[in-house]
Student: 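Supplied in structure tokens, the structure appears directly below.
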There are 2 protein chains.
Amino acid sequence: MDNEQLKLENQFCFRLYSAARLMMGAYHPYLDPLGITYPQYLVLLVLWEQDKQPVCDIGKRLMLDTNTMTPLLQRMEKAGLITRTRGKEDTRQRIVSLTKQGKALYEQAQDIPENMRKAVMMPESDVEELLQTIPTLDKLIEELKKLNK
Amino acid sequence: MDNEQLKLENQFCFRLYSAARLMMGAYHPYLDPLGITYPQYLVLLVLWEQDKQPVCDIGKRLMLDTNTMTPLLQRMEKAGLITRTRGKEDTRQRIVSLTKQGKALYEQAQDIPENMRKAVMMPESDVEELLQTIPTLDKLIEELKKLNK
DNA sequence: GCGATTTATATCGTTCACGATGCAAAATTA
DNA sequence: TAATTTTGCATCGTGAACGATATAAATCGC
């Protein structure tokens, strides 16, 4: 068992997988009080930017298919954060709208990005390093999106 | 809704989340033929490095708790990849061992890292960029681990 | 206009991920 | 040694993810 590439420590993907998991865990202190999960937070981010979108548009932003979106949105509807109404021009669509409660969460979410940044508490230089990886991650995501077609 | 930090495009964490998901999807062409999932592949990576480990040791390497590990290992046992025997000195432990089939997969996995690298097909310089982010990701993971305690 | 295809959503089944809880064995402390 | 705490594993419930499949509406090609 001497293939260096097959060792856990040498795997970029394992880092990605672990960092993503741990990152979601780190959101708990900020999302639990709002009664939402990380994927639900992402849906809210999209809706806060632009209310009343069909499921597929939200899915495209989050790169999630309807088999993930539908149950997610159903749970959010049940929690009173959104409503799902039939589309007018295209009756296949479900237009997702924020409820008063869903809109109200926006105020409570104001400090989440800043709090997360502080929580990680890396030296300023490391945070800078992290942000510099964004273009690289974006390039990777673009390539991976092609593969996932 | 004008908080720039609350916009999806400005979120590092969303990139992490998306990249990790898409990355797992990209493994499908290589893992499906072996009949394993990405988390199962990770368990095998650990066992290929060192066979016969208790559940907790594997969990520590993968940063996963037993409530995730146990069902995962049970499925792998059912699939004939591993066995789980009681520990000799510490009878609480379950020692996880590779079966002949589990060991045999090692040969079939040889080209996976290289194939994944080729599949992403980023220019060589970008792959280099990606690998350069590893120390940064490791620092982030260390910080996140502290938060997840 | 009409059959074929695509699109938007939903459902089902399986696997993960993880909080909460339980239990027995081991280690620690009194 | 007895009492307490910790450790190792398991189970349950919930929420994602996602492949496969289904259905109806919209669009396309002719």
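Since we're looking at a predicted model, the values are computed, not measured. Below, read A as the first sequence line, B as the second, and so on, with proteins coming before strands; counting in each chain starts at 1.
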Student: Quick check on side-chain contact (heavy atoms from CB on, under 4.5 Å): which of B:Leu42, B:Asp57, B:Leu45, B:Thr68 does B:Leu62 satisfy it with?
Tutor: B:Leu42
Student: What is the distance, rounded to the nearest whole Å, between atom CZ of B:Arg86 and atom C1' of D:dC9?
Tutor: 8 Å
Student: Would B:Lys145 and B:Glu142 satisfy salt bridge (charged side-chain N to carboxylate O under 4.0 Å, His left out), going step by step from the backbone distance to the final call?
Tutor: CA-CA 5 Å; B:Lys145 267 164 81 172; B:Glu142 281 314 305; 3.6 Å; yes
Student: Determine: side-chain N/O of A:Thr70 to OP1/OP2 of C:dA10, distance under 4.0 Å, yes or no.
Tutor: yes
Student: So if I take every side-chain heavy atom of B:Tyr17 and compare against D:dA17, C:dA10, D:dT11, which nucleotide ends up nearest?
Tutor: D:dA17
Student: Tell me: CG of B:Leu62 to P of C:dC16, nearest whole Å?
Tutor: 12 Å
Student: Got a second to check how far A:Ile58's CD1 is from A:Leu64's CG, nearest 0.5 Å?
Tutor: 10.5 Å
Student: Rounded to the nearest Å, what distance is computed from the CD atom of residue B:Glu77 to the P atom of nucleotide D:dC9?
Tutor: 14 Å
Student: Determine, step by step, whether A:Glu9 and B:Arg61 satisfy the salt bridge (charged side-chain N to carboxylate O under 4.0 Å, His left out) criterion, reporting the C-alpha distance in whole Å, the side-chain angles of both residues, the deciding distance to 0.1 Å, and the verdict.
Tutor: CA-CA 9 Å; A:Glu9 266 60 45; B:Arg61 290 293 301 283; 2.5 Å; yes
Student: Is the backbone N or O of B:Met76 less than 3.5 Å from a side-chain atom of B:Gln40, with the two atoms forming a donor-acceptor pair by type?
Tutor: no
Student: Reading nucleotides 18-29 of chain C from the 5' end, what letters show protein touch, with B for base, S for backbone sugar-phosphate only, - for no heavy atom under 4.0 Å?
Tutor: BBB----BS---
Student: Check whether any side-chain N or O of A:Arg94 sits under 3.5 Å from a backbone N or O of A:Arg84 as a donor-acceptor pair, and report yes or no.
Tutor: yes
Student: Tell me whether the NZ or CZ atom of B:Arg21 lies within the 45° cone about the ring axis of B:Tyr17 and under 6.0 Å from its centre.
Tutor: yes
Student: Looking at A:Lys146 and A:Glu143, is there a salt bridge between them, counting it only when a charged N and a carboxylate O are closer than 4.0 Å?
Tutor: yes
Student: Take B:Asp51 and B:Val96, measure what side chain to side chain contact (heavy atoms under 4.5 Å, CB included) needs, and give me the verdict at the end.
Tutor: CA-CA 8 Å; B:Asp51 199 0; B:Val96 181; over 6 Å; no
Student: Atom CG of B:Asp111 and atom NZ of B:Lys118: how far apart are they, to the nearest 0.5 Å?
Tutor: 7.0 Å
Student: Starting at atom CD of A:Gln93, determine the distance to atom P of D:dA25, rounded to an integer number of angstrom.
Tutor: 14 Å
Student: Can you measure A:Ile95 atom CD1 to C:dA8 atom P for me and round it to whole angstrom units?
Tutor: 11 Å
Student: Atom CZ of B:Phe14 to atom P of D:dA17: distance rounded to whole Å?
Tutor: 11 Å
Student: Mind listing the residues from residues 32-59 of chain B sitting with a heavy atom below 4.0 Å of DNA chain C? Number order is fine.
Tutor: B:Thr37, B:Pro39, B:Gln40
Student: For A:Leu73 and C:dT11, give me the distance from atom CG to atom C1', rounded to whole Å.
Tutor: 15 Å
Student: Checking all strands, does A:Arg84 fall into the base, sugar-phosphate, or nothing category for heavy-atom contacts under 4.0 angstrom?
Tutor: sugar-phosphate
Student: Five pairs per end, C1' atoms only: what is the angle between the end axes of the helix from C:dG1-D:dC30 to C:dA30-D:dT1, to 10 degrees?
Tutor: 30°
Student: Between the side chains of B:Arg117 and B:Glu114, is the shortest nitrogen-to-carboxylate-oxygen separation below 4.0 Å, so that they form an ion pair?
Tutor: yes
Student: Under 30°, 30 to 60°, or over 60°: which ring-plane class applies to A:Tyr27 and A:Tyr41, parallel, tilted or perpendicular?
Tutor: tilted
Student: Just to confirm, is there a sub-4.0 Å distance from OP1 or OP2 of D:dA16 to any side-chain nitrogen or oxygen of A:Arg75?
Tutor: yes
Student: Given atom CD of B:Gln74 and atom P of D:dC12, what is their separation to the nearest angstrom?
Tutor: 10 Å
